[in-house]
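All values below were derived from every heavy atom in this structure, side-chain atoms included, with hydrogens, water molecules and symmetry-related copies excluded. Atoms within a ligand are numbered from 1 in the order they appear, just like the ligands themselves. The chain is numbered in sequence order, starting from 1.
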Amino acid sequence: MIGAHSADQVRAAERPALDAGMGAELMRRASYGLALTITRELRARRGRVYGARVTGLIGKGNNGGDGLWALAFLARRGVAVTAVLVDTTAHAEGLAALLAAGGRAVRLAPDGSVPGGSTDDGAARLPLCTLTEARDECVRADVLIDAILGTGARGGLRGAAAGLVELLLRERSEGRGLPHVVACDIPSGVDPTTGEVTGPVLPVESTVTFAAAKTGLFLPPGAASAGRVEVIPIGVEDRLGEPVVRRMGAEDVSRLLPRPAAEGHKYTRGVLGVVAGSEEYPGAALLACAGALSAGAGMVRYFGPPSVAALINAALPEVVCHTGPELQGRVQAWVLGSGVSGEEQLDRCRQALSLGQPAVVDAGALDLVGERAVDRPELILTPHAGELARLLTRLGTECDRAEVEATAGASLREAVRLTGTTILLKGPHTLCHEPGGILFSQADGTPWLATAGSGDVLAGVLGALLAQGGVAPSSVGEMGDAGHWAATAALAAAVHGRAGRIASGEADGGRGHPISARDIAHAVRFVWDAP
Ligand SMILES: NC(=O)C1=CN([C@@H]2O[C@H](COP(=O)(O)OP(=O)(O)OC[C@H]3O[C@@H](n4cnc5c(N)ncnc54)[C@H](O)[C@@H]3O)[C@@H](O)[C@H]2O)[C@@H](O)CC1
Ligand SMILES: Nc1ncnc2c1ncn2[C@@H]1O[C@H](COP(=O)(O)OP(=O)(O)O)[C@@H](O)[C@H]1O
Ligand SMILES: [K+]
């Protein structure tokens, strides 16, 4: 389980060490860790470190200080390093260390356009460079370090720094490659706590972060720019407290997945009721049932119109279908709403909701929830960003899909507060949160999962996990304030994402190929014995 902490939590953990005069030592540990990671990257790319070229984009605070010290370490290993100072001042000791190690430093002209000239910077007279000169310096490097803004950032990049990042983004979008980019602590322009993005951000291949992963590295939209996240301990970790965002890793998934007891039978394994599909969208019902069977439900009961039941029985004879208007038979959990349209199916959803059992509330059934705050964390809503925007608007917080995507963590928390339910917010990063709990962020999937019907499979998987009892309470206890429902939702997202990677061939190290929702449903079962 990876935990992430807010910028305030990390600052509070560092405070006693800073008060004890250990600031320089913390920075040495952080920057040495950053330099080591870059050394490994250079060795992997070029076979050796000596003679490589590394450029750092350096801001005026301690984040820039980390970047300067890392460049100084690299210079001593024979790397040709250049610091591009993007602000009017720079971390004095870091700059002195860089120059003493034989590194170069240039300063980006404040308006980005003054050619030639130099600027007085204490001991050093630094050459001024234009935006295009700075861009060329970046493009020439084997590795580029983003050390402009860290946990002290307020808002996004501005002025010449923003101009330079925009130029680099243009290089990338026009197909001229950029070097491998490594972020120091956090990609500049991403809010370290909320993951919200202001202004231009240079997406990085990896982020080397200090003391703890910052929550902004796990929350969209910023998380999409962070690449692989590596945490460098700097000796303050004991004081961090409980993480506020968590992510399940491969070991957690393998440990938390329900497995049948030796003496189990189909009813003890969990029966799932599915009210999904309609004459208009029959396939959604089939996909939800297929996902549920593949995720180990002891039995699936389907409730819906005869035409959909016939389709299901032709493809999945294991499913027990009921076509009457009243629900019947016992179940442990429900999937409600995927592909539902029309009063008849909505009425079945209402009946199921009134039973007080755990339920996945998807697509069409989302409109039945949240007219007033209920205290029902066992209802797990599974909207994508557009559906969450509609739900929030209906509850009085007017917003659109783009706003939800720009403020995913905050929008999710607000919707959980307003509805009193658990919510799984779908997207490239899937976020799960229940009232009073922490937030889970899963990123196990592949963009190949963005295919019609993929969400119906996820609903079936989550329903099957709920019917099997979800994440065991003892395991939830190990996760601090995690919460049973959000943990179970996160497990479902992890299973679904992994199934996508298995189905697309990426889990076997392949480049990946197109998949359809049926392929995902079929692959779900193989997550149980994946390494
Ligand atoms: N405090 C510590 O003990 C440690 C700090 N470390 C590093 O220090 C960083 C935090 O350092 P700082 O607190 O100096 O903060 P930053 O280096 O993130 O701060 C940026 C500086 O720029 C200014 N600034 C903020 N937002 C800006 C914007 N949008 N545009 C332009 N300027 C802006 C701020 O006034 C601040 O002076 C961490 O991210 C980490 O990299 C590490 O060295 C580990 C130890
Ligand atoms: N770019 C992406 N990378 C990884 N997973 C994605 C991506 N886009 C969507 N997904 C996942 O695919 C599923 C899509 O579900 P949904 O939006 O309900 O689509 P549909 O209604 O077509 O089934 C969700 O589980 C979501 O998290
Ligand atoms: K940075």
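In Thr446, the part holding a heavy atom less than 4.0 Å from any atom of ligand 2 is the backbone. The proximity of Leu449 to ligand 2, defined as any non-hydrogen pair under 4.0 Å, involves the side chain as well as the backbone. Residue-level proximity to ligand 2 for Thr451 is carried by the backbone, the only part with a heavy atom below 4.0 angstrom.
In terms of heavy atoms, Ala408 sits closest to Leu431 at CB-CD1, 4.0 Å. The minimum heavy-atom distance between Ala211 and Val236, with the atom names listed, is CB-CG2, 3.7 Å. Across every non-hydrogen atom of Gly67 and Ala147, the tightest pair is CA-CB, 3.8 Å. Here the shortest heavy-atom pairing between Glu387 and Ala363 reads OE2-CA, 3.6 Å. The nearest pair of heavy atoms linking Gly339 to Ala284 is CA-CB, 3.6 Å.
Among the backbone and side-chain atoms of Ile186, an N/O/S atom is found under 3.4 Å from the K ion (ligand 3). Among the atoms of Asp185, no N, O or S atom falls under 3.4 Å of the K ion (ligand 3). Using a cut-off of 3.4 Å, one finds that Leu149 contributes an N/O/S atom close to the K ion (ligand 3).
Considering only non-hydrogen protein atoms, atom 24 (N) of ligand 1 sits nearest to Leu149 CD2, 4.0 Å. The protein heavy atom nearest to atom 8 (N) of ligand 2 is Ala450 CB, 3.4 Å. Atom 17 (O) of ligand 1 has as its closest protein heavy atom Asn63 N, 2.9 Å. Residue, atom and distance of the protein heavy atom nearest to atom 13 (C) of ligand 2 are Ser454 OG, 3.3 Å. Atom 26 (N) of ligand 1 has its closest protein heavy atom at Arg154 N, 2.8 Å. Of the protein's non-hydrogen atoms, Glu14 OE1, 3.1 Å is the one closest to atom 1 (N) of ligand 1. Protein heavy atom at the shortest distance from atom 28 (C) of ligand 1 is Arg158 NH2, 3.2 Å. The shortest contact between atom 37 (O) of ligand 1 and any protein heavy atom is with Lys60 CE, 3.7 Å. Counting only heavy atoms of the protein, atom 3 (O) of ligand 1 lies nearest to Leu18 CD2, 2.9 Å. When only non-hydrogen protein atoms are considered, atom 10 (C) of ligand 1 lies nearest to Thr151 OG1, 3.3 Å. The single protein non-hydrogen atom nearest to atom 17 (O) of ligand 2 is His384 CD2, 3.4 Å, given as residue, atom name and distance. When only non-hydrogen protein atoms are considered, atom 19 (O) of ligand 2 lies nearest to Gly455 N, 3.9 Å.
Note: no N/O pair closer than 3.5 Å links Asp87 and ligand 1 by distance alone. By the 3.5 Å distance cut-off applied to N or O atoms, Gly150 is counted among the residues near ligand 1. Where the criterion is an N or O separation shorter than 3.5 Å, residue side chain and backbone included, Leu157 fails it with respect to ligand 1.
Salt bridge status for Arg501 with Asp444: absent, with no side-chain N to carboxylate O gap under 4.0 Å. Ion pairing between a basic and an acidic side chain is recognised when a charged N comes within 4.0 Å of a carboxylate O; Glu14 and Arg11 show no such pairing.
In this structure, Gly59 does not count as a contact residue of ligand 1, since none of its heavy atoms falls inside 4.0 Å of the ligand. Residue contacts with ligand 1 include Gly156, since one of its heavy atoms falls under 4.0 Å from the ligand. Distances from ligand 1 to the non-hydrogen atoms of Met22 include no value under 4.0 Å.
Selection from His496, Lys426, Glu387 by nearest heavy atom to atom 18 (O) of ligand 2 gives Lys426. Scanning Ala385, Gly427, Gly445 for the heavy atom closest to atom 10 (N) of ligand 2 points to Gly427.
There is a protein heavy atom less than 4.0 angstrom from atom 5 (N) of ligand 2.
Closest to the K ion (ligand 3) among the N, O or S atoms of Asp146 is O.
The cationic atom of Arg247 (NZ for Lys, CZ for Arg) lies less than 6.0 Å from the six-membered ring centre of Phe218 and within 45° of the ring axis.
Ring planes of Phe73 and Trp69: tilted class, angle from 30 to 60°.
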